[in-house]
Structures are given as C-alpha cells and as structure tokens.
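Please read all numbers here as calculations on a predicted model, not as lab measurements. One-based numbering along the sequence shown.
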Amino acid sequence: MSLSDDLSVHAREAEKEQRKKARREKWARREKSFWKAFLFTKDGKPKSGLLIYTFCLSFVFIGLYIAAFFYFIDWLSPSLETRSPLVSNLVVSAAVSAVGILTGWLIHHFSKEKRLFFGTFVWMAVYLVLVLITMLIMLRGTGAVEAFLYFYLWFMVIPVISGLPVSFLLYRKDYRPPVEQEEDKPWKQYTQRR
C-alpha cells in the first residue's frame with residue numbers, strides 16, 4: 001500500500017467520523033429542543049403550555065378509557081352473551097369511543113383553547129405507535145403476537161382512531177390563531193412615551 005493510498009484511507013475515515021459526529025450533534029440538538037418545551041421560563045411559566053396540557057390530558061383520557069372499559073364490559077356483557085365475540089367487542093369499543101369523544105367535545109366546547117382535544121388525541125396516537133413497536137419487539141418469537149394484536153385493536157386502536165378524526169374536524173372548524181395586538185408587539189414598548 002502506497003503512502004497516497006494510506007492517506008486517502010485515513011481521509012475517508014476522518015470524513016466518515018466527522019459526518020457521524022455532526023449527525024450525533026444534530027440529533028442531540030433536536031432532542032434538547034423537544035425536551036426544552038417541557039421546562040419553565042424564568043417567570044415560572046411553561047415554555048409550551050399546550051404541549052404540557054395535552055400531554056397531561058392524554059393520561060386523563062387513558063384513565064377515562066380504562067374506567068369506561070371496566071364499566072361497559074360489566075354492564076353490557078349480560079345483554080351481549082348471545083352475540084358473537086366480534087359484535088360484543090365492537091359494541092363495547094364503540095361505547096367507550098363515544099364516551100371519549102363526548103368528553104373531548106365537552107372540553108373542546110367549554111375551553112378557550114381549541115387545540116386541547118386534538119392535541120390530546122395526537123399524543124394518544126403517538127402512544128399507540130410506541131406501544132405497538134415495543135410489544136412487537138418484546139413478543140417476537142413467543143407466539144403471543146396474535147393475541148396482543150387482537151387486544152390492541154379492540155381496546156386501544158378503535159377508541160383512539162375514532163376520536164382522532166372527530167377532534168381534528170372540531171379543531172379545523174373552531175380554531176382561530178390568536179391575533180397579535182398592536183400593544184403586544186415588542187418594538188412598541190420602546191416607542192411609547194411614559
């Protein structure tokens with residue numbers, strides 16, 4: 001191997017390392033910028049109130065769905081005994097979906113912030129994807145994947161996927177971006193006389 005070949009190999013390796021380092025730094029910046037949204041400003045206010053509120057509200061909805069499933073399974077099971085499991089599961093999932101949509105509609109209707117309902121369902125859709133990926137990795141090769149997917153469809157996908165388009169349509173219908181007032185503009189404070 002000649003000296004020029006050796007130098008070109010080292011140059012390629014150095015360039016490859018530099019690209020890897022730049023990629024790691026880029027992802028570190030992205031990660032920090034995402035998590036910074038959950039921090040507070042010097043005044044004690046959240047940097048992104050909407051992100052925090054929808055994140056917390058998504059856990060409230062998860063609790064609501066769990067409670068509704070327990071209630072509706074006990075309440076509807078006697079009347080659905082003669083039906084097939086497909087129909088029984090569909091009726092229970094639809095009833096739970098209706099509870100979630102109604103609760104979200106009430107929040108949307110009575111709240112000034114019209115993005116809460118939609119943001120909450122976006123968080124829950126993200127959880128659905130994360131749960132699916134995690135469980136498929138964990139259950140790989142165990143033969144329990146089919147049972148999990150059955151449970152996942154009836155108890156997770158149907159309630160969240162049915163609420164997502166409703167919340168999006170309400171968001172599109174009612175959300176108006178805040179109008180910046182003249183006195184809110186930063187340059188105004190320097191031009192006004194006191």
Side-chain angles (χ1 to χ4, degrees), residues 16 19-39 46 48 50-108 115-171:
K16 191 184 293 184
R19 281 194 307 254
K20 282 183 184 179
K21 184 179 176 184
R23 199 174 318 126
R24 280 193 299 263
E25 289 173 359
K26 179 180 174 183
W27 279 104
R29 280 194 311 272
R30 284 183 181 173
E31 185 178 287
K32 285 179 185 177
S33 66
F34 174 76
W35 291 112
K36 280 183 182 178
F38 288 98
L39 299 176
S48 175
L50 179 69
L51 190 64
I52 293 172
Y53 298 149
T54 55
F55 178 74
C56 294
L57 195 57
S58 68
F59 287 106
V60 171
F61 268 81
I62 289 170
L64 175 73
Y65 280 148
I66 290 170
F69 268 113
F70 278 117
Y71 176 75
F72 281 121
I73 286 173
D74 288 342
W75 188 56
L76 293 174
S77 290
S79 60
L80 296 172
E81 282 179 348
T82 58
R83 305 285 181 191
S84 70
L86 178 71
V87 172
S88 301
N89 289 339
L90 187 59
V91 168
V92 171
S93 291
V96 171
S97 299
V99 168
I101 289 170
L102 179 64
T103 305
W105 179 82
L106 289 171
I107 289 171
H108 180 82
R115 298 176 291 177
L116 285 176
F117 183 33
F118 179 60
T120 300
F121 274 89
V122 168
W123 273 112
M124 291 197 306
V126 169
Y127 302 154
L128 278 182
V129 172
L130 293 176
V131 165
L132 179 65
I133 291 169
T134 304
M135 292 304 289
L136 289 178
I137 290 171
M138 290 175 59
L139 296 176
R140 182 181 53 210
T142 62
V145 173
E146 186 177 325
F148 164 72
L149 290 176
Y150 183 77
F151 174 82
Y152 181 76
L153 173 70
W154 293 114
F155 296 106
M156 293 184 213
V157 173
I158 291 176
V160 173
I161 296 301
S162 64
L164 200 56
V166 173
S167 65
F168 179 71
L169 291 174
L170 285 173
Y171 163 74

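No donor-acceptor pair closer than 3.5 Å links the side chain of Thr134 to the backbone N or O of Val131. Under the 3.5 Å distance criterion, the side-chain polar atoms of Tyr171 are left unmatched by any main-chain donor or acceptor of Gly119. The backbone N or O of Leu90 sits nowhere less than 3.5 Å from a side-chain atom of Ser93 that would complete a donor-acceptor pair. Proximity of a side-chain donor or acceptor of Thr120 to a complementary backbone N or O of Leu57 within less than 3.5 Å is not detected.
For the side-chain contact (heavy atoms from CB on, under 4.5 Å) test with Tyr127, the passing option among Ile62, Val122, Leu132 is Ile62; the others fail.
Annotation for Pro159 and Ser97: closest pair CA-OG, 3.1 Å, computed over non-hydrogen atoms. The two residues Leu139 and Ala144 come nearest to each other via the heavy atoms CD1-O, 4.0 Å. The minimum heavy-atom distance linking Leu164 with Ala125 is given by the pair CD2-CB, 4.2 Å. Nearest heavy atoms, Leu51 versus Thr54: O-OG1, 3.2 Å. Pairing each heavy atom of Gly100 with each of Leu64, the nearest pair is CA-CD2, 4.3 Å.
Using cut-offs of 30° and 60° on the angle between ring planes, the pair Phe155 and Phe69 is perpendicular. The aromatic rings of Phe72 and Trp75 sit tilted, their planes meeting at an angle between 30° and 60°. The aromatic rings of Tyr65 and Phe121 sit perpendicular to each other, their planes meeting at more than 60°, with 30° as the lower class boundary.
Expressed to the nearest 0.5 Å, how far CZ of Phe59 lies from CE of Met124 amounts to 11.0 Å. Taking CG from Leu170 and CD1 from Ile101, the interatomic distance works out to 9.5 Å, rounded to the nearest 0.5 Å. To the nearest 0.5 Å, the span separating CZ on Phe118 from NE2 on His108 amounts to 11.5 Å. In this structure, the separation between CZ on Phe117 and OG1 on Thr103 is 8.5 Å, given to the nearest 0.5 Å. Rounding to the nearest 0.5 Å places CE of Met156 at 12.5 Å from CD1 of Ile161. Note that CD1 of Ile73 is 10.5 Å distant from OG of Ser88, once rounded to the nearest 0.5 Å.
Within 6.0 Å of atom OH in Tyr150, more than 12 heavy atoms from other residues, nucleotides or ligands are found, so the atom counts as buried in its surroundings.
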Do Tyr152 and Leu128 pass the side chain to side chain contact (heavy atoms under 4.5 Å, CB included) test, and can you show the C-alpha distance, the side-chain angles, and the key distance before you say yes or no? CA-CA 9 Å; Tyr152 181 76; Leu128 278 182; 3.5 Å; yes
